[in-house]
Amino acid sequence: VGHDTKVKVAQAGTVITDATRTVVPEDKNIPELRVATIGNVDSGKSTLIGVLTGGELDDGRGYTRAKVFARRHEQQTGRTSCVSQHIVGVKDDGKLVHSNKTANLTTAAKYKAWREVMSQSKSVINFVDLAGHERYLKTTIGGLTGNFPDYACLCIGANMGITKMTKEHLGVVLALKIPFFVVLTKIDIAPPKIAQRTKTKLFKILKGRGSRKQPFMVRDEKDVDTVLKNQSAKMTPVFSLSSVTGEGLGHLQDYLSRLRPRQLWDRQAKNMEFCIEETFSVTGVGLVVSGSVSRGRLVANSRLLLGPFSDGSFKPVLGKTLQRKRVPMGVCNAGEGCAIAIRALKAKESLKRTDVRRGMVLVDPSSGPCATVSFEADVYVLHHPTTIKENYQAVVHCGLVRQTAKMVRITLRKSKKDTETEEKECCLRTGDKASVLFRFVCRPEVLHEGTTIIFREGTTKGVGKVTKVHCDDLKTTTAYTETEKKKAELSAGMSQKSKPRDRTRTRGTGKKAAPRL
């Protein structure tokens, strides 16, 4: 979408570009493995991605991470502040297909590099580079919930040890139930005693009550085979490597090339749904949206519905050309990321980039989409310093949706030992479970039952699962509580009564009487 090179469509269904002379079948089904990198700031996440995707070792001064950064301020500070994606191909023999190009190149150079990788690969590993600084924690949580990673790579600097943000990211991954593996980086500059102390503390945390994992140190090729054969929810592989010397890097590359996607997507569903993550305005093309297909198949040149807007409505649009990994495609299946150019279907309507936001969806017109403001979820409070009561507000992360929601009703049941189902006091503390009615504050969103949510506010964190969705909006909210109904009836009754006469004035004078003490 929006490239400068001329595209010719051959009779055999292939796309040939004059600038690259790269032939890529339009209907080529390339499996995609998504790996999200998490960890504390300065733990070597972007450097590791640059080494794996570029095929070159780092010089210890940020040579490879400079090829990963796409923002100018990231180049200046050396820290990732946004979500970016980078690919590396895998051939039939397990060898990796690298793309030694920087992320801030021209559009034509990016298209050429990615198309070469796609044309030579049997499968693709998509690395999602996430931020490690505490300031960008909401961006990291949004990347984990919205990019649907198959696995997470927890990077820990062997010379830094286990930090606060390392535990925060580990807690989010455990709450979302995403399988993960650990990479101990910078072993070339870590003193042996500190590296051993980091490893001991890591194993203690993984074996602890909160994680209940079985760490397995990978030292040779036999250990890689053992980890791949005995994949389970409890076993956690641990790699130690150096991005400068290359020590231990081959074991991680062998492990990644043999991993397979774990998520099962419904590609035969008739109700297609495309979750929008980013928006672009391309010269000569118009509005372009990128994201992932969560259900069904997205076909180019098809009529779709875009929404929900602020009033909960959906507008008809036309999905024009489609690209996956910067390669023109005719179809994008569920579980795959792509970009599609859209325009308003009605001639009098105009669709601007400011009208489309993160969290909106493109759906099939026959599906009858429904936006909601209120939803119920079974939640578990991971941490809160005091108590949570009704009308408490927190930021809810659900897929690509990120919005402040209010806890309208909290239903806290008694323990299993009690046979009665009477409700306890409506307040939550750390470790409590309850059924909560949430209500978005700003606008309606598209949610589905069974989706995992994360709510946070300051140091407060909790996880839950959506159990019921109310198809309502801010004006006609159907999920009112008894307290809200009583307040509405009381205010309506008071407005009908006449206003009381001001008896503070004295007779015959226009002055107020002195107040009684």
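- Note that the CZ atom of Arg258 and the CG atom of Leu33 stand 14.0 Å from one another [nearest 0.5 Å].
- For the residue pair Asp129/Ser46, the side-chain donor-acceptor check at 3.5 Å is satisfied.
- Between the side chain of Asn147 and the main chain of Gly143, a donor-acceptor pair closer than 3.5 Å is present.
- Geometric assessment of Lys315 against the ring of Phe309 yields a positive cation-pi assignment under the 6.0 Å and 45° thresholds.
- Distance alone, capped at 3.5 Å, places no donor-acceptor pair between the Arg343 side chain and the Gly319 backbone.
- Counting heavy atoms from C-beta on, the side chains of Arg402 and Val396 never come closer than 4.5 Å.
- Thr140 contributes a side-chain N or O that, together with a main-chain N or O of Tyr136, makes up a donor-acceptor pair within less than 3.5 Å.
- Counted by atom type alone, Glu445 and Gln403 present one or more donor-acceptor pairs between their side chains at under 3.5 Å.
- Remark: aromatic rings of Phe239 and Tyr255 are close, center separation under 6.0 Å.
- Here the side chain of Asp58 pairs a donor or acceptor atom with the backbone of Tyr63 at under 3.5 angstrom.
- The shortest side-chain heavy-atom distance between Val289 and Phe274 falls under the 4.5 Å cut-off.
- Classified by interplanar angle (parallel below 30°, tilted 30° to 60°, perpendicular above 60°), the ring pair Phe148/Trp265 is perpendicular.
- Taking a 6.0 Å sphere around CZ of Arg135, one finds it holds 12 or fewer heavy atoms contributed by other residues, nucleotides or ligands.
- You'll find the side chain of Val68 stays beyond 4.5 Å of the side chain of Thr64, heavy atoms only.
- Between the side chains of Thr460 and His384, at least one donor N or O lies within less than 3.5 Å of an accepting N or O.
- Not a single donor-acceptor pair under 3.5 Å links the side chain of Arg326 to the backbone N or O of Trp114.
- Judged purely by distance below 3.5 Å, without hydrogens or angles, the side chains of Arg79 and His73 never pair a donor atom with an acceptor atom.
- Remark: side-chain polar atoms of Ser121 are paired, donor with acceptor, to backbone N or O of Val117 under 3.5 angstrom.
- Put simply, CD1 on Ile189 and OG on Ser242 are 8.0 Å apart, with the number rounded to the nearest 0.5 Å.
- Between the side chains of Ser81 and His133, no donor N or O sits under 3.5 Å from an acceptor N or O.
- Without hydrogens or angle criteria, Gln263 side chain to Pro149 main chain gives a donor-acceptor distance under 3.5 Å.
- For Lys199 and Phe203, the positive end sits near the middle of the six-membered ring, less than 6.0 Å away and at most 45° from its axis.
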